[in-house]
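Structure first, then comments.
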Protein chains: 2
Amino acid sequence: MSDQFIKLTVDAVVFGYEEGNISVLLIKRKYDPFKGAWAIPGGFVLNGESLEEAVERELHEETGVKINYLEQLYTFGKPERDPRGRVVSVAYFALVRPNAFKLFASTDAAEVEWFNIKNLPKLSFDHKNILDIAIKRLQGKITYEPLGFELLDKKFPFSDLEKLYTTLLGRDIDRRNFRKKILSLNILDELEEKTSKGSGRPANLFQFNQKRYFQLKKEGIIFEI
Amino acid sequence: MSDQFIKLTVDAVVFGYEEGNISVLLIKRKYDPFKGAWAIPGGFVLNGESLEEAVERELHEETGVKINYLEQLYTFGKPERDPRGRVVSVAYFALVRPNAFKLFASTDAAEVEWFNIKNLPKLSFDHKNILDIAIKRLQGKITYEPLGFELLDKKFPFSDLEKLYTTLLGRDIDRRNFRKKILSLNILDELEEKTSKGSGRPANLFQFNQKRYFQLKKEGIIFEI
DNA sequence: CTCATATGTGTAGTTTATACGCAAAAGTAA
DNA sequence: TTACTTTTGCGTATAAACTACACATATGAG
């Protein structure tokens with residue numbers, strides 16, 4: 001049987017957000033094929049590990065990131081997608097808080113870097129396609145799942161959340177209506193702390209209450225922007 | 001490297017609808033493991049074929065169905081999910097019109113049968129899990145994608161669509177509001193033909209206009225129930 | 001020709017979404 | 001200290017969408 005020659009990899013599109021920029025984590029490949037070109041981090045799945053374990057291992061090995069949220073994106077299986085032969089890749093979609101760790105490159109990666117999704121380099125394999133699908137998923141999903149909080153600091157001012165949504169959706173949002181809508185969902189805790197950066201009135205800090213969110217979800221109340 | 005021992009299969013959850021019943025297509029396994037037990041149709045991916053080609057080949061070989069709609073569902077990769085060793089399965093989700101063809105069992109299948117999703121037999125492998133996820137996907141997706149039409153005859157009375165949604169969503173729908181909402185989407189063509197089955201006023205037949213739907217979608221107008 | 005059955009349509013009341021302006025709390029510069 | 005700039009925090013009026021609900025019409029059956 002010829003199926004024994006199919007190899008399985010996992011790849012992860014890792015998104016981060018900082019001050020109005022959505023970035024994606026890429027590595028510069030150390031070995032052929034596509035040596036020296038940029039790619040999504042990933043690698044072969046080992047026999048004893050689950051797909052998620054493989055993703056976390058590869059990400060840790062290659063980049064040093066701490067993942068905050070992980071979900072399966074899509075499996076790419078066209079016969080000609082990898083010049084090394086038949087390689088099927090299960091792609092994942094990850095969210096991180098970029099300022100919560102330091103990047104470092106190792107194993108298969110010569111370099112690791114954040115790239116703004118508006119300004120991406122040429123990518124290896126079919127990784128451009130994978131990234132496009134991941135971006136669409138992120139843009140679509142933040143309107144009906146509370147993913148945004150996974151990209152912000154644990155405690156954040158409302159304006160950060162608003163700016164994140166404006167950036168991701170690529171359109172203006174009415175600040176007052178947005179605030180009303182989010183607060184009416186009752187999944188944010190307003191803290192006593194305030195923050196002030198530069199001039200302007202200091203902002204109250206908020207925190208996502210995941211426990212309450214899951215309970216509301218169980219009761220059938222859905223998140224929606 | 002131990003990754004060379006990972007084998008790749010595709011499995012397909014095939015849904016059909018007839019007169020108020022959502023059914024799923026299962027095969028009775030002819031060989032071990034789980035010989036004689038019911039399972040979702042599927043099998044190993046061959047080296048030269050894409051994942052979709054593998055699904056269509058296996059479905060055709062094992063069951064004789066003609067697929068009307070196919071999308072990737074999820075990839076299942078827990079190391080212990082198959083007693084034969086490390087087998088990762090890319091699961092698909094398919095919709096068919098059951099009265100458009102005849103079933104026949106062959107190759108790996110001893111029998112093929114439609115099972116109402118409310119009354120399923122014990123399943124092989126982790127197929128119960130796969131099926132549950134597929135059912136959730138179907139229920140979720142018909143509210144924001146026009147999938148229902150893929151399950152009905154090309155020409156259908158409005159009451160068929162209504163009954164399908166009632167069945168899938170598991171709750172009553174106001175007949176008048178539902179009709180208004182669907183018709184306002186402007187994706188159905190009202191035909192001159194009428195149908196009459198038994199007593200009662202004959203119903204106009206409708207047809208889904210996929211071309212118009214895609215155009216509206218491109219313009220940003222979304223399907224939603 | 002009457003009855004049972006399924007289809008086809010309109011409107012009022014409620015809820016949700018949208019548009020929009022001004023006051024409060026801080027920093028900054030004269 | 002005071003006037004000015006910047007950012008946050010809040011309310012209301014209008015438009016749009018959703019929900020609930022009842023009766024007329026076209027057939028088949030007896």
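This structure is a prediction, so every number in the text was calculated from the model and none was measured.
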Residues in contact with DNA chain D, drawn from residues 200-208 of chain B - heavy-atom cutoff 4.0 Å =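 Heavy-atom cutoff 4.0 Å gives B/G200, B/R201, B/P202.
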Over 12 non-hydrogen atoms of neighbours within 6.0 angstrom of [atom1] in [X]:
X      : atom1 : value
A/K155 : NZ    : no
B/E190 : CD    : yes
A/K30  : NZ    : yes

task = Quick one: label A/R179 by what it contacts on the DNA or RNA (base, sugar-phosphate, nothing), any heavy atom closer than 4.0 Å.
result =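 Answer is sugar-phosphate: A/R179 comes under 4.0 Å of backbone atoms only.
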Restricting to pairs with a member in [range], which pass salt bridge (Lys or Arg N to Asp or Glu O under 4.0 Å), not counting sequence neighbours?
range                       : value
residues 215-225 of chain A : A/E145-A/K217
residues 67-76 of chain A   : A/E71-A/R137, A/E71-A/K141
residues 161-172 of chain B : none

request  = Within residues 184-195 of chain B, find the residues that approach DNA chain C with a heavy atom at under 4.0 Å, and present them sorted by residue number.
outcome  =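 Under 4.0 Å from DNA chain C: no residue of residues 184-195 of chain B.
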key: Within residues 144-159 of chain B, residues whose heavy atoms come under 4.0 Å of DNA chain C   =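 Close to the strand are B/S159.
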Could you tabulate the donor-acceptor pairs under 3.5 Å formed by side-chain atoms of residues 99-111 of chain A, not counting sequence neighbours?
{"residue": "A/N99", "atom": "ND2", "partner": "A/D153", "partner atom": "OD1", "Å": "3.3"}
{"residue": "A/S106", "atom": "OG", "partner": "A/E61", "partner atom": "O", "Å": "2.3"}
{"residue": "A/E111", "atom": "OE2", "partner": "A/K28", "partner atom": "NZ", "Å": "3.4"}

inquiry  = Output the rounded distance in Å from CZ (B/R175) to P (C/dT5).
reply    =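 My rounded result for the distance is 15 Å.
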ask   = Do A/L188 and A/F208 come within less than 4.5 Å of each other through their side chains, counting heavy atoms only?
value =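 In short, these two side chains touch, coming nearer than 4.5 Å.
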inquiry  = Just so I know, are the side chains of A/E52 and A/L70 near enough to count as touching, which here means a heavy-atom distance under 4.5 Å?
reply    =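 Counting from C-beta outward, A/E52 and A/L70 do come under 4.5 Å.
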inquiry  = Using the ring pair (Phe, Tyr, Trp, His ring centres under 6.0 Å) criterion, which residues pair with B/Y17? Sequence neighbours excluded.
reply    =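 Listed in chain order: nothing, the list is empty.
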query = What pairs meet the ring-ring contact (aromatic ring centres under 6.0 Å, His included) rule with one or both residues in residues 118-147 of chain A, with sequence neighbours excluded?
reply =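 Pairs touching residues 118-147 of chain A that pass the test: A/F34-A/F125, A/F125-A/H127.
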key: Member of A/D11, A/I133, A/V90, A/V88 meeting the side chain to side chain contact (heavy atoms under 4.5 Å, CB included) criterion with A/F76   =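 Result: among A/D11, A/I133, A/V90, A/V88, A/I133 is the only option passing the side chain to side chain contact (heavy atoms under 4.5 Å, CB included) with A/F76.
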Salt bridge B/D132-B/K136, side-chain N to carboxylate O under 4.0 Å =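 Not counted as a salt bridge, because no side-chain N and carboxylate O are separated by less than 4.0 Å.
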remark   = In 5'-to-3' order, the base (B), backbone-only (S) or no-contact (-) status of each nucleotide in nucleotides 13-18 of chain C, using a 4.0 angstrom heavy-atom cut-off, is ----SB
ask   = Is the distance between the ring centroids of A/F15 and A/F93 under 6.0 Å?
value =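 Yes, the ring of A/F15 comes within the 6.0 Å limit of the ring of A/F93, centre to centre.
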Compile the donor-acceptor pairs under 3.5 Å between side chains in residues 114-124 of chain A and protein atoms, sequence neighbours left out, one pair per line.
{"residue": "A/N116", "atom": "OD1", "partner": "A/K118", "partner atom": "N", "Å": "2.8"}
{"residue": "A/N116", "atom": "ND2", "partner": "A/N21", "partner atom": "OD1", "Å": "2.9"}
{"residue": "A/S124", "atom": "OG", "partner": "A/W38", "partner atom": "O", "Å": "2.7"}

ask   = How would you give the extent of chain A contacts on DNA chain D, as first and last nucleotide 5' to 3' within a 4.0 Å heavy-atom cut-off?
value =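 For DNA chain D, the relevant span reads D/dT6 to D/dT12.
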task = Starting from the 5' end of DNA chain C, give me the residue, A/D174 or A/S199, whose nearest nucleotide shows up first.
result =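 The residue closer to the strand's 5' end, by nearest nucleotide, is A/D174.
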